[in-house]
Number of protein chains: 2
Amino acid sequence: MAKAPSAAENGSAEKNAAAKWAVRYSNMQELLFFAYRDFTAGPDAILSDYGFGRAHHRVLHFVHRWPGLTVADLLEILGITKQSLARVLKQLIDAGHIEQKTNVRDRRQRELYLTKEGESLAAALSAPQWRLIEEALQAAGTEHYDAIVAFLRRMIDEDGRLAIGALEEHRRRPEGD
Amino acid sequence: MAKAPSAAENGSAEKNAAAKWAVRYSNMQELLFFAYRDFTAGPDAILSDYGFGRAHHRVLHFVHRWPGLTVADLLEILGITKQSLARVLKQLIDAGHIEQKTNVRDRRQRELYLTKEGESLAAALSAPQWRLIEEALQAAGTEHYDAIVAFLRRMIDEDGRLAIGALEEHRRRPEGD
DNA sequence: ATGATATGTCAGCATGACTGACCAGTTCGG
DNA sequence: CCGAACTGGTCAGTCATGCTGACATATCAT
């Protein structure tokens, strides 16, 4: 089914190599499932105290990372519909965690910023995840950081990588004021 | 907030190192989010043709990996309630992808097995994920496989690692017949 | 016989996706 | 200047997948 990286193309040695990689790939599938689940468990617990969910965390995270983000930007990053976003965004604004400012150049656009409360909530949510990442990097060996990033990055599809790239570019060229 | 691995404890050099790791951790958060989302996109597309969802995929995956698994085992692995599992499990059984056999030693227990159709669906679902993992490993350098596994494994909480360990032990000691 | 265990099921709830439709304000091109 | 296109907000309804609580049935263990 899946061909092993650098598998020898000779008879039963090839078969063994293929089987070895099949097991590794299955392991990887499971590891990703469990790791992602436990990675989100920490913030989820905090969020439930606020009546928020994972979706709120994502919005807080990306607004924190790219202050002044527009609603359209956020929709593209998250890959959800505006109706889905509107629900959580409205709750975050009502709760005073996010502020909207009208873009002076194009008054249709709303730039999103975290309030002080929003910043501190975002920080609190990130804390358990940072701790996990730090521990995991230690376990893996910090010298493998680049390889791990390369691995995860390559798992993101073309569009996603482009979306991230576009944002980084947008950030370099503030253009707002 | 988070202390950088092996950060020097001396003044502004320390500050720079901390800032560097803060950015890396934020990147990691995003990479995990995007990677997991795109990782599941492939199977999700296939599943929707069958009227199934991600939950069905998980069940198929784990029954494939540990044939003869009991319902209680599955509940522990997935960390969901039996009512939630029952819904998807029933659909998979009705659709002829999973078979139940009564354990001869303890007739209360139901051992779960994939049918031929179940096996082939499970294989089809895994194919896009294996392809992604293979590409990602190539991009990261296959020599970093162990480090990546160590990283992901460390992100799983104690209970999860124990549950995986328990299953591996269960597999070594078939005990059923 | 009795209590514990493994499984199944009913009924209802919440979250966070989705679709489709529509409105208001703003910008831009001809 | 006007109409088309764009940005954002909203209403109404659906679906998948988690949850709780209650209860039934078969089986096992003491």
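All values reported here derive from a predicted model rather than from experimental measurement. Numbers restart at 1 for each chain; the letters A, B, ... are given by sequence-line order, proteins then strands.
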Can you tabulate the close N/O pairs, meaning under 3.5 Å, that link protein atoms to atoms of nucleotides 16-20 of chain D?
residue	atom	partner	partner atom	Å
D/dT17	OP1	B/R54	N	2.9
D/dT17	OP1	B/A55	N	3.4
D/dG18	OP1	B/R58	NH1	2.8
D/dG18	N7	B/R87	NH2	2.7
D/dC19	OP2	B/T81	N	2.7
D/dC19	OP2	B/T81	OG1	3.1
D/dC19	OP2	B/S84	OG	3.3

Give every pair of a protein N or O atom and an N or O atom of nucleotides 28-30 of chain D that lie under 3.5 Å apart, one pair per line with the distance.
residue	atom	partner	partner atom	Å
D/dC28	OP1	B/R107	N	2.7

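The distance from atom CD of A/E111 to atom C1' of D/dT7 is 13 Å, rounded to the nearest whole Å.
The side chain to side chain contact (heavy atoms under 4.5 Å, CB included) search around A/K101 returns A/E99, A/Y113, not counting sequence neighbours. Applying the side-chain hydrogen bond (donor to acceptor under 3.5 Å, both in side chains) criterion to B/R154, with sequence neighbours excluded, gives A/E135. Under the rule for a salt bridge (charged side-chain N to carboxylate O under 4.0 Å, His left out), the partners of B/D106 that lie at least two apart in sequence or sit in another chain are B/R108. Scanning for side-chain hydrogen bond (donor to acceptor under 3.5 Å, both in side chains) contacts around B/H61 gives A/E30, with sequence neighbours left out. Residues meeting the side chain to side chain contact (heavy atoms under 4.5 Å, CB included) test with A/T102, sequence neighbours left out: A/R107, A/R110. With sequence neighbours excluded, the residues satisfying side-chain hydrogen bond (donor to acceptor under 3.5 Å, both in side chains) with A/D44 are A/R54. Under the rule for a side-chain hydrogen bond (donor to acceptor under 3.5 Å, both in side chains), the partners of A/T115 that lie at least two apart in sequence or sit in another chain are A/E117. For B/A150, the side chain to side chain contact (heavy atoms under 4.5 Å, CB included) partners are A/A140, not counting sequence neighbours.
Heavy atoms only, all atoms of each residue included: A/F62 and A/L69 are closest at O-CD2, 4.0 Å.
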Donor-acceptor contacts, no H, no angles, side chain residues 79-98 of chain B, under 3.5 Å, sequence neighbours left out:
residue	atom	partner	partner atom	Å
B/T81	OG1	B/S84	N	3.4
B/T81	OG1	B/S84	OG	3.1
B/K90	NZ	B/D94	OD2	3.4
B/Q91	OE1	B/H56	NE2	2.9

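Extent of DNA chain C lying under 4.0 Å from chain A heavy atoms, first and last nucleotide in 5' to 3' order, is C/dG16 to C/dT27.
Within the 4.0 Å cut-off from OP1 or OP2 of D/dG9, at least one side-chain nitrogen or oxygen of A/Q100 is found.
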